[in-house]
Protein chains: 2
Amino acid sequence: MLINHQPAESLSVSDRGFTYGDGVFRTLRASHGQPRLWRWQWQRLAHDCAALGLPLPDVDPLLADITRVCAGIDEATVRITVTRGQGARGYSPASAPGSTLIVQASPYLAAPDSCFRDGIVARLCDWRLALQPRLAGIKHLNRLENVLARAEWTDPAIREGILRDSEGRVIEGTMSNLVICRGGALLTPRLDGAGVAGAVRACLMATLPLQETELRLDELLAADEILCVNSLIGVWPLARLGDWRSRSRTAAEQLAAVLAEAG
Amino acid sequence: MLINHQPAESLSVSDRGFTYGDGVFRTLRASHGQPRLWRWQWQRLAHDCAALGLPLPDVDPLLADITRVCAGIDEATVRITVTRGQGARGYSPASAPGSTLIVQASPYLAAPDSCFRDGIVARLCDWRLALQPRLAGIKHLNRLENVLARAEWTDPAIREGILRDSEGRVIEGTMSNLVICRGGALLTPRLDGAGVAGAVRACLMATLPLQETELRLDELLAADEILCVNSLIGVWPLARLGDWRSRSRTAAEQLAAVLAEAG
């Protein structure tokens, strides 16, 4: 692990990333020290830092950090965290003129092939995401909603939970973005009130005719295919969601091909 | 500083308090190692741990920790943080069977006497708090809303900002709870959708005929007195809020007397 480009094992407890969740992060896959979908990861990191007024790390030293923490790990899961650094007590960010950059790697743990091949079982979560337009889309460190939604089930056969917002709109999975295919059209929930806009979603939106939309539950359940996407799992088609059953694999294969091509 | 009752300087970066803001905290004042308003601090800590499914620390070792970190600091600001501890990657709290207890002290920095005597200048924040009934009232580590609201101003003459929720209801200050007095009646905003329910507020509600209410902005501005309360500042009456001016000091004196009595 590297903190501000130096080897480290632990973090100051006065870091605002810890005291207030005042920071952002990315989780990505790296192969032989090369981060996958880097263009989109970097785009999202830059967006999120700007949205919270955090300094964006320089890209070349960051890429060098990634290579360094991945040494000896052929396939790695990398987490990049940028916080507002150490500050005096109190919420004012003016007390923290610096920032902290943390880059960590661990071996990538691949899910079974069956997740893509056969599809996964998902559940509809009871948790309702709060509407906060000023934070929507940002992968910030305030992730209690995801934690508590994920706490709704422990059955390992259920691999993802689908989240709605307080108005009942379908937003995302607890750890993934959603894409649905209906009558050949690709749709993804609009994330202007809640949710995290991931790098895979950004890549797919730039590559495919993938339309953002407000998605009601009945519209989700009218889909031919429901797909969970993120940087670690790639694409997981849903086989089942309650009484809903997958009716096609066309979009799953199409999205997987796009991601394979994007590297 | 003590982490799990042991002297420590820093925290594991895989602690879920840092990775997801998965934890709660209290900030309080201690005099000669004795925490003030402890009954209410403890009540709120117990409430918040239960609400997030976090193990509640044992009270006696916690009090011993507070005494220990306050050694040599007559008047201290103490922060107690309880997180879900270290976990594997991923949101599921099932991966983190433990917890982390952090107790820190620093010298208490008293605000000028004029804050109580003359009242403070406050502003009305543009930031709107999201409605999340499942997290409302809890002093959890997801405090980006407070940070970004506090970032709206840097003028040191403005000591607090008043926050409304997305429906326009008045909720709290960025770092304090609100009490208003109108025609002799004491009111405080209901916190079932947003906000942090502090220990001073709990103490005042148990001691005075202080009524929780839904508070619209026009009702706030019809108050004779507006008071900000928390464990470090005690009571700060507002002198000014935009065009609003304080018209009385009765409640300020009454609340200050209650807190002095409560210890």
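Note on naming: letters A, B, ... go to the chains in the order of the sequence lines (proteins, then strands), and numbering restarts at 1 for each one.
At a 4.5 Å heavy-atom cutoff, the contact between B:Ser12 and chain A is made by backbone atoms alone. Contact annotation for B:Gln104: only side-chain heavy atoms (C-beta onward) come within less than 4.5 Å of a heavy atom of chain A. Of the atoms belonging to B:Thr19, heavy atoms from both backbone and side chain fall under 4.5 Å from chain A.
Around CG of B:Asp155, the count of heavy atoms belonging to other residues, nucleotides or ligands within 6.0 Å exceeds 12. At most 12 non-hydrogen atoms from other residues, nucleotides or ligands lie less than 6.0 angstrom from CD of B:Glu214.
Taking OG1 from B:Thr83 and CZ from A:Phe18, the interatomic distance works out to 6.0 Å, rounded to the nearest 0.5 Å.
Closest approach of A:Tyr91 and B:Phe25 over heavy atoms only: OH-CZ, 4.0 Å. The minimum heavy-atom distance linking A:Pro93 with B:Arg150 is given by the pair CD-C, 4.5 Å.
Side-chain contact between B:Arg89 and A:Leu232: present, with at least one pair of heavy atoms (C-beta onward) separated by less than 4.5 Å.
Taking B:Ser92, B:Ala8, B:Gly193 one by one and counting their heavy-atom pairs under 4.5 Å with chain A, the maximum is reached by B:Ser92. Listed options B:Arg79, B:Met1, B:Arg128 were ranked by heavy-atom pairs under 4.5 angstrom with chain A; first place goes to B:Arg79. Contacts with chain B were tallied for A:Gly21, A:Ala94, A:Ser10; A:Ser10 has the most, counting heavy-atom pairs under 4.5 Å.
For a heavy-atom cut-off of 4.5 Å, chain B lies close to A:Gln132, A:Arg134, A:Leu135, A:Lys139, A:His140, A:Leu141, A:Asn142, A:Arg143, A:Leu144, A:Glu145, A:Asn146, A:Val147, A:Leu148 in residues 132-148 of chain A. Heavy-atom neighbours of chain B within the stretch residues 164-176 of chain A, taken at a separation under 4.5 angstrom, comprise A:Thr174, A:Met175.
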